[in-house]
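Written out below as structure tokens is the structure these notes cover.
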Amino acid sequence: MDHENILFGPKPFYPIADGTAGEQMYDALKEYAKIAGCIALTDGHTKENVLYEDIFKVTCRLANSLRNYGLNTNSTIAICSENNLQFFLPVISALYIGITVTSVNDKYTERELLHNFDITKPSVIFCSVQTFKRILKVKTKLKYIKTIVIINHNNGFQGYHGLNSFISNYCDSDFDIKKFRPNSFDRSNQIAFVMYSSGTTGLAKGVMISHKNLVLRFSICKDPTFGNQINPTTPILTVIPFQHSFGMFTTLGYLTCGFRIIIMHTFEEKLFLQLLQDYKVESTLLVPTLMSLFAKSSLIENYDFSHLKEIASGGAPLSKEISEIVRKRFTLDFVRQGYGLTETTSAILITPDTDVRAGSTGKVVPLHAAKVVDISNGRILGPNQPGELYFKGDMIMKGYCNNVEATSAIIDKDGWLRSGDIAYYDEDGDFYIIDRLKSLIKYKGFQVAPAEIEAVLLEHPDIIDAGVTGIDDEHAGQIPAAAVVLKKGKQLTEDVVRNFVSGQLSPMKWLRGGVRFLDEIPKGPTGKVDREHLKKILQKQKSKL
Ligand code: M24
């Protein structure tokens, strides 16, 4: 029977709590707010602190403002900001009410923002001083955007609200927060977030994450084997962008645990190490690019990390060698790995701290199931046999926003989600990711969809065909590279093509892997770009440079 090869995660350590994600967050923050001086967030760059008490009060008032403004469970707001102390205020307030939050990359260009907003049509955008200009430009083109609120500015400017002015405009100054209660609704159907992912193919799609999906993440975060022991005030350092599911759902989970979260918006090696030491950090999150940096860093020995219990890495492949070097250099018992997709809310494979194997992405988390499928015949495979990974469980997204076709291409009728990754598991149920079947490029853990860059290249009047793929890079994991076919008689230089792309797409999508001019793009029988073949051509070119 095939079914004996389906791997199930263990029972959850605590039963899944009742209520929506907003109600659970409200209850948790209310408890921690009672602890005098309990710090929720510290800005690693400025050292400014925010207390749980502050977050609780402001989110209740902001939620009341959003209600009075006219938003409800049918509304969508957007957040477009780098990591900062205010990022989660609109996010948490929206969770209380059941307003959907769509989170867009703060580095996105106008073109990219237009594409993502059009999927969800948010009416209010919460942006930062840094993203304001771009958001303003986008607003002039999108009629459904009614209001902009600048979260890290009190009173706003150019006639646009800051966070305080928005609240004082829509919430009475004598509003009694004791009277505030979050809304109750069906947590299985209410969409808490729309995140963005290219899935296994194509352009960005809106990934609908329900309140129930999020409740499961909250539970796993508290599981002592797969998550963290709940000791309020435990210091945690994170540099993972909040706009991405990895940063968003780990940090929201930490807030439900009462941790002190030290945040960074930009990675700086010295500052990161200084923060680990000065705040006696017990746990930190990294992406493999930064793990590689620390494997070679000459600064580590200058600091005291005696409080550090774990480093966790995720978002892209981490080699066994790098993992072991970093573990030894920080004198840790283990390096934890997490593996997830935007479509699985958060990590669905995590290294349990009871059984750590270097190079493994860990075991299936509680209440979820995984299987490895032979890509040639669809059979479920046993241990040590590589195939495509599939997942099932309550963290699997509700579907792609307004895109039934794409949803049924990735989730089958029995609820199994195709990961597009090739992996195997060993006799003990530890998973190892070995390759990516889908065309997705991972640049420093960020998603880059080749189809999006190809579409931009084809807009150039002298380019008649284009193919993009990721080529291996020691520092970034993968970097995008392109092959283009020019119109007869036309000539372009590599720099012109690279600049054409850089002018329209955000830095993670720039053609750092170079451009090659070909007579024809290698394609398969159905006309799709043969990325394996293309990769060989482009990788060869890079190794010659
Ligand atoms: P998205 N090893 C190899 N490939 C990986 C990987 C890994 N560990 N993790 C992700 N990928 C690749 O941008 C696969 O090809 C994420 O990356 C994502 C989303 C939510 C949570 O999504 C895969 O198909 C997380 C990652 C996450 N990672 O770690 C943790 N969360 C975590 C770690 C420790 O769509 C593609 O990236 C503790 C707790 C955690 F939550 C998916 O790319």
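Both counts, for ligands and for their atoms, begin at 1 and track the order of listing.
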Kindly print each ligand 1 N/O atom paired with any protein N/O atom under 3.5 angstrom away, one pair per line, or none if nothing qualifies.
from	atom 1	to	atom 2	distance (Å)
ligand 1	2 (N)	A316	O	3.4
ligand 1	8 (N)	Q337	OE1	3.1
ligand 1	8 (N)	G338	O	2.8
ligand 1	9 (N)	G315	N	3.2
ligand 1	13 (O)	H244	NE2	2.9
ligand 1	13 (O)	K442	NZ	2.8
ligand 1	15 (O)	D421	OD1	2.7
ligand 1	15 (O)	D421	OD2	3.3
ligand 1	15 (O)	R436	NE	2.9
ligand 1	17 (O)	K442	NZ	2.8
ligand 1	22 (O)	T342	N	3.3
ligand 1	24 (O)	D421	OD2	2.5
ligand 1	24 (O)	K438	NZ	2.6
ligand 1	28 (N)	G315	N	3.4
ligand 1	29 (O)	G338	O	3.4
ligand 1	35 (O)	T342	N	2.9
ligand 1	35 (O)	T342	OG1	2.6
ligand 1	35 (O)	Q447	NE2	2.8
ligand 1	37 (O)	K442	NZ	3.3
ligand 1	43 (O)	K442	NZ	2.8

Exercise. Please, which pairs that meet side-chain hydrogen bond (donor to acceptor under 3.5 Å, both in side chains) have at least one residue in residues 236-259, sequence neighbours excluded?
Worked result: K222-T256
Problem set entry | More than 12 heavy atoms from other groups under 6.0 Å of NZ on K121 |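 Enclosed: over 12 neighbouring heavy atoms sit under 6.0 Å from NZ of K121.
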Exercise. Does a sphere of radius 6.0 Å around CD in E532 hold more than 12 heavy atoms from other residues, nucleotides or ligands, not counting ones at 6.0 Å or beyond?
Worked result: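 Counting neighbours around CD of E532, 12 or fewer heavy atoms of other residues, nucleotides or ligands fall under 6.0 Å, so no.
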Would you call [X] and [Y] a salt bridge, taking side-chain N to carboxylate O under 4.0 Å as the test?
{"X": "R418", "Y": "D412", "result": "no"}
{"X": "D426", "Y": "R357", "result": "yes"}
{"X": "K535", "Y": "D472", "result": "yes"}

